[in-house]
Number of protein chains: 2
Amino acid sequence: MTRNVRIALVDDHTLFRTGLRGLLSQRDDFEVVADVGSGEEFIELLPTIDVDVVFMDISMPGMDGAEATRRALQLRPELRIVTLSMYGDDHYYTLMMECGASGFLLKDSDIDEVYAAVDTTMAGDSYFSSALLGSLTRNMSRLSSGIEEEDDDALSDREIEILVEVCRGLSNQEIADKLFISKRTVDKHRANILEKTGCKNTANLVVYAIKNRLVEI
Amino acid sequence: MTRNVRIALVDDHTLFRTGLRGLLSQRDDFEVVADVGSGEEFIELLPTIDVDVVFMDISMPGMDGAEATRRALQLRPELRIVTLSMYGDDHYYTLMMECGASGFLLKDSDIDEVYAAVDTTMAGDSYFSSALLGSLTRNMSRLSSGIEEEDDDALSDREIEILVEVCRGLSNQEIADKLFISKRTVDKHRANILEKTGCKNTANLVVYAIKNRLVEI
DNA sequence: GGAGAAATAAGTAAAAATACTTATCTCTTG
DNA sequence: CAAGAGATAAGTATTTTTACTTATTTCTCC
């Protein structure tokens, strides 16, 4: 007999986690081995547990899903991490895929998609919410159409990370402390973000970030 | 024997709804009689069903939770509506209470709070997430202290005018020029706005303004 | 007509952001 | 292994915001 799939849940909404846990337990070949509310907790717990598939929320207070995914995969490259997001935004999708996620599920998926995500990623493939297919194929066709528009102004992962903290109201110094880098580096990132986004100041940035669904309000 | 409590779920995230439904079904005196993804759907469905308690999300595409609550209570004043929110924000809380909600639950509550919310509201009382108690008692004591300060924190028209310009990304000097007043006056207004809204800086202000619908993005 | 609220204005000082530049280090990719 | 991109860091100078305070004028409301 095959052993159970060991699943971890990382999401800051306890109720959502509890609900998902209940839904997952309906499959008796699934076993939820971790159920935590933050990226930090998960990274701390990871060395002590055996996990196959992680459902990872993107927006969480403190360490977000992107950073947690990166760190988790450094520790355990064989982990299958499935992103759980409110929005099927290109930016989020790209960010998480670049961080090494194996799947992307919208929170308004139905439970069959969750099961499918586990089964598919366990088989070594990637899984995406069916609702995402439209926007994905759009991107694909754009890429294959040869226009190759490289979007020079796309924010890097780190820049997005900085921008999210800016939107939370942290000063550059506070962001520096939080990310363990120099304030001057944050200054530089922020200047680059302003340049790339065509924004003039903080107020513009927050509006930009919200419009582009980089932060949820 | 008492009859079951009939519950409706209104939330745009299918997965969350399904999870919550599962959790609620563990109480065999509860019965989920509606499970919809938007305010419109709920209002449409309401005349055809018997409901006691509604769990209502605030932010939904289309008709939001506030509007749906108002309309539902017009149709059925005896409904007990419990708000489900990501945030324990004063503003959201006040808004929903003004719309007639009987309870306010954070999405990171645990399931016992959900059960408690049903039981409490069915008994005719109001229920609030324990995480909210801090900010609520603060408000209560302010009210009961007899000062009768009718929401001292309401922004004046001029302050709202300033805030809107801030959100557009104008500097205080630019706002001053635009409104034909001194930059120092704008400074002062801005400081008062920060104080009243409890914000720390521009980023917070923009988020506040958007949440409070003072600006559209 | 007087009380109180709101808008106006200013001084001073400190903190933060912005505009420039340059220079490593690391990682990926051809 | 070389090239390029991204993250890191720092110098310097200017502009902007923020935190304190006080004071005058112009409203409206009772």
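Source: prediction; values computed, not measured. Throughout, protein chains are lettered first and strands after them, A, B, ... in sequence-line order, and every chain is numbered starting at 1.
Look at Thr185(A) and you won't find any side-chain N or O under 4.0 angstrom from OP1 or OP2 of dT8(D). Using a 4.0 Å cut-off, some side-chain N or O of Arg158(A) falls inside it from OP1 or OP2 of dT8(D). Taking side-chain N and O atoms only, Asn172(B) has a distance below 4.0 Å to OP1 or OP2 of dT17(D).
Put simply, CG on Asn204(A) is 14 Å from C1' on dT16(D), counting in whole angstrom units. Summarising the geometry, the separation between CD1 on Ile162(B) and C1' on dT17(D) is reported as 14 Å, rounded to the nearest angstrom. Remark: C1' of dT8(D) and CD of Glu161(A) are 14 Å apart, rounded to the nearest angstrom. Rounded to whole Å, atom C1' of dT16(D) lies 13 Å from atom CG of Leu194(B). For the pair Asn192(A) CG and dA5(D) C1', the interatomic distance rounds to 12 Å; values are reported in whole Å. The interatomic distance linking Glu195(A) (CD) with dG6(D) (C1') rounds to 15 Å, in whole Å. Following rounding to the nearest Å, His189(A) (NE2) and dG6(D) (P) show an atom-to-atom distance of 11 Å. Protein atom NZ of Lys188(A) is 11 Å distant from nucleotide atom C1' of dA9(D), rounded to whole Å.
Taking the side chain to side chain contact (heavy atoms under 4.5 Å, CB included) definition, one finds that Ser109(A) meets it with Leu105(A), Leu106(A), Glu113(A), Ser129(A), sequence neighbours left out. Here Asp110(A) pairs with nothing under the side chain to side chain donor-acceptor pair (under 3.5 Å) rule; sequence neighbours left out. Not counting sequence neighbours, the partners of Asn192(B) by the side chain to side chain donor-acceptor pair (under 3.5 Å) test are Lys188(B). The salt bridge (charged side-chain N to carboxylate O under 4.0 Å, His left out) test applied to Glu31(A) returns no partner, not counting sequence neighbours. Qualifying side chain to side chain contact (heavy atoms under 4.5 Å, CB included) partners for Ile160(B), counting only residues two or more places apart in sequence or in other chains: Leu155(B), Val164(B), Leu214(B). Evaluation of the side chain to side chain contact (heavy atoms under 4.5 Å, CB included) rule for Gln173(B) yields Ser171(B), Ala176(B), Asp177(B), Lys183(B) as partners, not counting sequence neighbours. Partners of Thr14(B) under the side chain to side chain donor-acceptor pair (under 3.5 Å) rule, at least two apart in sequence or in another chain, do not exist in this structure. Contacts of Thr69(A) classified as side chain to side chain contact (heavy atoms under 4.5 Å, CB included), with partners at least two apart in sequence or in another chain: Met56(A), Leu73(A), Ile81(A), Met96(A), Cys99(A). Residues that satisfy the side chain to side chain donor-acceptor pair (under 3.5 Å) test with Thr120(A), not counting sequence neighbours, are absent from this structure.
Residue contacts for Ser171(B): at a heavy-atom cut-off of 4.0 Å it reaches the sugar-phosphate backbone alone, with no base atom in range. Counting non-hydrogen atoms under 4.0 angstrom, Asp187(B) reaches a base of the nucleic acid.
Side-chain atoms of Asn4(A) and Asp29(A) include no donor-acceptor pair closer than 3.5 Å.
The backbone N or O of Lys200(B) sits less than 3.5 Å from a side-chain atom of Asn204(B), completing a donor-acceptor pair.
Between Arg27(A) and Asp119(A) a salt bridge is recorded (basic side-chain N to carboxylate O distance below 4.0 Å).
Across the helix from dG1(C)-dC30(D) to dG30(C)-dC1(D), the helix axis at one end is tilted relative to the axis at the other end by 60° (nearest 10 degrees, each axis from five pairs).
Interface limits on DNA chain C: the 5'-most and 3'-most nucleotides within less than 4.0 Å of chain B heavy atoms are dA6(C) to dT12(C).
Taken residue by residue, residues 176-184 of chain B places heavy atoms nearer than 4.0 Å to DNA chain D at Lys183(B), Arg184(B).
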